[in-house]
Student: 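Before we start, here is the structure in question, set down as structure tokens.
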Amino acid sequence: MKVYKFGGASVKDANGVRNVEQIVRQADLQDGLMVVVSAMGKTTNALERVVEFLDAGKEEQALAQWVDIIDFHVAIMKELGLQPGTDIRLQGEIPFDPTLPFDENYDQVVSLGEIMSTQIVAVYLLKQGLSVEWWNMPKLLRTDETWREAKVEDEISRNTIRAGWERSDRPNIVVTQGFIGGTADGKRTTLGREGSDYTAALLGNYLDAESVTIWKDVPGILNADPRIEPDTILIPSLRYQDAVELSYSGAQIIHPKTIRPLENKRIPLYVKPFGNPTADGSCICADGIGPIDVPVYIWRKNQILITMRAKDFAFVLEESLSEIFDIIHRNRLKVSLIQSSAVTISVCVDNTRFVPAAIEALQTHFNVTYNDHLSLLTIRGTTPEILERAKAGRTIMLSQTTRRTARLVVKEP
Ligand code: ASP
Ligand code: MG
């Protein structure tokens, strides 16, 4: 069997859904195809706004946003010849309960993007004469209750999903949601933004897929973001470990958690353009060519650099480190770079809503200063000339270089 994953950009309108049909038809359907779909276009962001408005007591704005989201989906359905209400039953009310914590409400509301997109894709494919079944991941992919970053419980998920897949009356194609799962008592959870790649990888692992393919709006894995660098180069093949490093540095190619489940079973991961399905794209696999021989530029945006200084002279680096990382871990910060000197430790982290609480906790032990509006640029395969060019005209807050890799924390313009 194979797993195909379609991201939000590939299903942002009716033509996108028609294109999914074309791509699916070119697959070998006899062996079974698992189709994992993200929310359509920017739906996840829009649903986040609904929860934020409701949380702030701005019901009118929430409702207006919600109506926009529903209208957007209804328009796509109609264009595809589907009947809202008959072919697909849409969620009537916003599943928000003011007595519950924000994060729990978030998961109940934001997960609906994938529910809607997969229903549309599944019903559309069915109406085009394909053999299709829609699967509801919240009932199949079991997670804990870490709202917004739920941990998948592998054993039970694997058993349930394998049992479903091995059913003798299973149709050739299964369409299901990326990014979402569910708790033992049936509540929906989300796995972290951009998590559908991870779902595709898990399903590939559980079902011993021959391969997993991620269909994207780029020709494959490029050495730089084409929106930033004018001349990008396609990297045709790379090893799992290189891919992990790239995505950890902030390359927007695949979700960082995607590689492990595939590497464990040596399942190749293809990244291909949905606009040109017969193109080779890139392949991440065990025998990928490495190390990559072109310089690779990776931007990780929205960073904050936090610097901790000892409050007294009894400063012991090891002790401070364990204290700092304990606080960082408890506050769910994502560290992108660490640097220490005799009396200071700096960490660069994603500037999320968890940062203020972490800084407060750090302040009880250290003198803390910070700079925000920063980006981290990682250049792999750098040379002195490349590094000079990258630094030109930029304010560099911190830099770390090894022979082949440079990491620059730069001020956002
Ligand atoms: N729809 C979710 C998001 O935009 C998950 C995904 O696209 O991977 O974050
Ligand atoms: Mg998305």
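Note that the structure is a prediction, hence the values are computed from the model and not measured. Residues take their numbers from the sequence shown, with the count starting at 1.
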Student: For Lys2, give me all partners under salt bridge (Lys or Arg N to Asp or Glu O under 4.0 Å), at least two apart in sequence or on another chain.
Tutor: Glu210
Student: Just checking, is any N or O donor in the side chain of Asn205 or Arg260 under 3.5 Å from an acceptor N or O on the other one?
Tutor: no
Student: Does one side chain, of His365 or Glu323, offer a donor that lies under 3.5 Å from an acceptor on the other?
Tutor: yes
Student: For the pair Arg380 and Asp242, find out whether any cationic side-chain nitrogen is under 4.0 Å from an anionic carboxylate oxygen.
Tutor: yes
Student: Just by distance, do the side chain of Thr43 and the backbone of Ala39 share a donor-acceptor pair under 3.5 Å?
Tutor: no
Student: Enumerate, atom names and distances included, each donor-acceptor pair closer than 3.5 Å involving a side-chain atom of residues 352-362, sequence neighbours excluded.
Tutor:
{"residue": "Thr352", "atom": "OG1", "partner": "Phe354", "partner atom": "N", "Å": "3.3"}
{"residue": "Arg353", "atom": "NH1", "partner": "Asp103", "partner atom": "OD1", "Å": "3.4"}
{"residue": "Arg353", "atom": "NH2", "partner": "Asp103", "partner atom": "OD1", "Å": "3.2"}
{"residue": "Arg353", "atom": "NH2", "partner": "Asp103", "partner atom": "OD2", "Å": "3.4"}

Student: Just grab all the salt bridge (charged side-chain N to carboxylate O under 4.0 Å, His left out) pairs involving residues 25-49, residues at least two apart or on different chains.
Tutor: Glu21-Arg25, Glu48-Arg193
Student: Do the rings of Phe102 and Tyr106 sit parallel, tilted or perpendicular, given the 30° and 60° boundaries?
Tutor: tilted
Student: Do Thr190 and Ser111 have side-chain N/O donor and acceptor atoms under 3.5 Å apart?
Tutor: no
Student: Hey, is Arg300 close enough to Asp350 for a salt bridge, meaning N to O under 4.0 Å?
Tutor: yes
Student: Enumerate the salt bridge (charged side-chain N to carboxylate O under 4.0 Å, His left out) contacts for residues 62-72, please, sequence neighbours excluded, ordered by first and then second residue.
Tutor: none
Student: Pairing donors with acceptors under 3.5 angstrom, does anything connect the side chains of Tyr206 and Asn159?
Tutor: no
Student: Does Phe325 have more than 12 heavy atoms from other residues, nucleotides or ligands lying within 6.0 Å of its CZ?
Tutor: yes
Student: How would you list, by chain and number, every residue that makes a side-chain hydrogen bond (donor to acceptor under 3.5 Å, both in side chains) with Thr307, sequence neighbours excluded?
Tutor: Ser346
Student: Can I get a per-line list of side-chain donor-acceptor pairs under 3.5 Å for residues 82-90, giving both atom names and the distance, sequence neighbours left out?
Tutor:
{"residue": "Asp87", "atom": "OD1", "partner": "Lys127", "partner atom": "NZ", "Å": "3.1"}
{"residue": "Asp87", "atom": "OD2", "partner": "Gln83", "partner atom": "N", "Å": "2.7"}
{"residue": "Asp87", "atom": "OD2", "partner": "Lys127", "partner atom": "NZ", "Å": "3.2"}

Student: Scan residues 160-175 for pairs that pass salt bridge (charged side-chain N to carboxylate O under 4.0 Å, His left out), counting only residues two or more places apart or in two chains.
Tutor: Glu133-Arg167, Arg162-Glu166, Arg162-Asp208, Arg167-Asp169
Student: Does either side chain, that of Asp107 or that of Thr189, offer a donor lying less than 3.5 Å from an acceptor on the other one?
Tutor: no
Student: Would you mind listing every side-chain hydrogen bond (donor to acceptor under 3.5 Å, both in side chains) that reaches into residues 174-186, with sequence neighbours excluded?
Tutor: Thr118-Gln177, Thr183-Asp185
Student: Applying salt bridge (Lys or Arg N to Asp or Glu O under 4.0 Å), can you list everything that pairs with Arg394, at least two apart in sequence or on another chain?
Tutor: none
Student: Go through the structure and list residues passing ring pair (Phe, Tyr, Trp, His ring centres under 6.0 Å) with Phe179, not counting sequence neighbours.
Tutor: none
Student: Is the ring pair Tyr4/Trp215 parallel, tilted or perpendicular, if the boundaries are 30 and 60 degrees?
Tutor: perpendicular
Student: Between Val212 and Lys5, is any pair of side-chain heavy atoms under 4.5 Å apart?
Tutor: no
Student: Suppose we screen for salt bridge (Lys or Arg N to Asp or Glu O under 4.0 Å). Which residues come up paired with Glu149, at least two apart in sequence or across chains?
Tutor: Arg332, Lys334
Student: Using 30° and 60° as the class limits, which term best fits the ring planes of Trp135 and Trp165: parallel, tilted or perpendicular?
Tutor: perpendicular
Student: Would you please name every residue forming a salt bridge (Lys or Arg N to Asp or Glu O under 4.0 Å) with Lys187, sequence neighbours left out?
Tutor: Glu104
